[in-house]
Amino acid sequence: MTDLSLKIDSFLSKRVLDLEESQTFALEKRADEIDMQLKNEGDFVIRFGIGQPDFNTPSNIKYAAKKAIDENKTRYTASTGIKELKLAITEKFYKDNNIKYGIENIFVGNGAKQVLDVIIRTFVNSGDIVLIPKPYWVSYSQQVILSEGKPIGIEFNDNLKVDIENLKKLIKENTGKIKLLILNSPNNPTGAVYSKKELESIGEVCLKNNVFIISDEVYENFIYDGIKHHSIASFSKELKDLTLTVNAVSKTYAMTGWRIGYCAADSKIIKQMAKIQDQSASNPCTPAQWAALEALSGNQDSVEEMRSEYEKRRDYIYKRLSSIEGIKCNFPQGAFYAFPNISALFGNKLRNSFEFAEKLLEKTRVAVVPGVAFGDDNFIRISYAATINKIKEGMDRLEKFCKEL
Ligand code: PMP
Ligand code: GLU
């Protein structure tokens with residue numbers, strides 16, 4: 001080793017050195033390694049780790065991508081996306097969310113994750129605060145850190161939703177330093193869905209204190225028990241001006257690998273975001289944009305088929321989790337995650353969610369994400385985007401594991 005490679009860290013940016021590895025992707029990598037080892041034993045890891053639909057992308061969408069390639073729609077496009085797709089997105093926002101936007105309000109990026117990163121980079125100066133309700137999806141806080149901002153978690157109430165008093169307290173304590181609040185309903189990791197009234201109360205606090213809102217609605221189509229999704233930007237002109245609504249085709253149309261996400265906001269904000277895209281990623285994959293256009297404007301039957309299948313799985317997994325001694329689980333009403341509290345099972349053998357998830361994977365080949373990755377060490381996250389048979393096998397293994405602790 002040369003002297004230089006020994007000192008490599010001193011050459012790297014503090015931003016990147018301070019960044020945590022994504023726990024969802026790290027777990028997937030570990031499950032892949034175990035599966036390689038298990039190949040000859042006929043066993044495999046039951047994957048409740050990374051959250052992505054187990055369904056295939058519907059064929060009309062795949063066909064649209066193939067057609068785009070055949071028609072040589074394979075070149076650069078405007079960095080923020082093709083006009084046709086932007087128009088379809090404005091129609092979607094009007095039809096599904098009751099929000100009126102023009103194409104100057106739309107930004108298309110490489111998945112909701114990259115869109116969120118661009119938003120955060122557009123708003124956050126070094127030291128600026130971004131409020132993130134706990135428990136939170138793994139990447140929010142890390143993206144803020146990458147922009148040298150300061151993520152602050154808002155405590156949750158009994159329903160695992162924002163504690164409004166804590167929100168008010170944090171705003172008061174940090175007057176003038178808060179740029180953004182990130183909302184996510186239906187929620188990853190809890191499966192909680194915010195009611196109109198709950199969103200109105202949060203909106204009121206943000207309006208009063210000039211805090212911009214990122215509303216991450218990527219799971220909007222996966223809600224159960226007849227509950228309705230509400231977009232905070234649809235409530236009033238003032239809230240629309242203050243909100244950046246983020247969505248993607250990734251979850252709704254089982255298109256996680258196609259990498260198309262989007263956001264709608266004031267055109268002045270979109271203009272600034274476009275500068276980042278021009279100078280960094282450029283446009284999202286061109287054929288994937290045409291496929292996303294078909295996803296949003298073509299036949300929607302597949303969405304309801306997937307939704308109702310997730311609902312059956314939710315019912316099953318909730319019943320199984322609730323019957324395991326030592327596990328306490330809130331009833332998830334949306335997305336495809338359960339977020340049970342496992343802290344009653346902690347002791348000498350297992351002291352935290354990380355050790356719980358690690359032992360569970362090692363002993364029973366069931367992959368779950370430790371709650372600590374979402375800002376709370378008393379929980380684990382289980383993604384039930386898997387067949388009922390796999391969920392049943394996974395729950396059998398989890399139940400046995402807990403009994404033997
Ligand atoms: N927001 C939430 C809450 C998510 O769970 C995900 C899933 N990765 C994303 C954003 C990012 O989605 P995409 O795959 O479109 O980047
Ligand atoms: N949203 C998924 C999850 O939470 C995908 C992984 C990721 O983007 O981090 O597992």
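One-based numbering, in listed order, for ligands and for the atoms of each.
- A donor-acceptor contact shorter than 3.5 Å links the side chain of R307 to the backbone of I223.
- Between F123 and F212, the gap from one ring centroid to the other is short of 6.0 Å.
- The structure places CD1 of I129 at 5.5 Å from NZ of K177, a figure rounded to the nearest 0.5 Å.
- In this structure a side-chain-to-backbone donor-acceptor pair under 3.5 Å is missing from N283 to A78.
- A centroid separation of 6.0 Å or more is found between the aromatic rings of Y253 and F55.
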Provide, line by line, the atom pairs where ligand 1 and the protein bring an N/O atom each to a distance under 3.5 Å; else say none.
unit_1: ligand 1; atom_1: 1 (N); unit_2: D216; atom_2: OD2; d: 2.6
unit_1: ligand 1; atom_1: 5 (O); unit_2: N188; atom_2: ND2; d: 2.7
unit_1: ligand 1; atom_1: 5 (O); unit_2: Y219; atom_2: OH; d: 2.6
unit_1: ligand 1; atom_1: 8 (N); unit_2: K251; atom_2: NZ; d: 3.3
unit_1: ligand 1; atom_1: 14 (O); unit_2: S250; atom_2: OG; d: 3.4
unit_1: ligand 1; atom_1: 14 (O); unit_2: R259; atom_2: NH1; d: 2.9
unit_1: ligand 1; atom_1: 15 (O); unit_2: A112; atom_2: N; d: 2.8
unit_1: ligand 1; atom_1: 15 (O); unit_2: S250; atom_2: OG; d: 2.6
unit_1: ligand 1; atom_1: 16 (O); unit_2: A112; atom_2: N; d: 3.1
unit_1: ligand 1; atom_1: 16 (O); unit_2: K113; atom_2: N; d: 2.9
unit_1: ligand 1; atom_1: 16 (O); unit_2: R259; atom_2: NH2; d: 2.8

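- A salt bridge is defined here as a Lys NZ or Arg NE, NH1 or NH2 lying under 4.0 Å from an Asp or Glu carboxylate O, and R320 with D396 meets this definition.
- Of the N and O atoms on the side chains of W258 and T57, at least one donor lies less than 3.5 Å from an acceptor on the other residue.
- Residue-level contacts of ligand 2 at the 4.0 Å heavy-atom threshold are T24, F25, I50, G51, K113, W137, V138, N188, Y219, K251, Y337, R381.
- Taking the six-membered ring where the residue is Trp, the centroids of F331 and Y318 are separated by under 6.0 Å.
- Using a 4.0 Å cut-off between charged nitrogen and carboxylate oxygen, K29 and E33 do not count as a salt-bridge pair.
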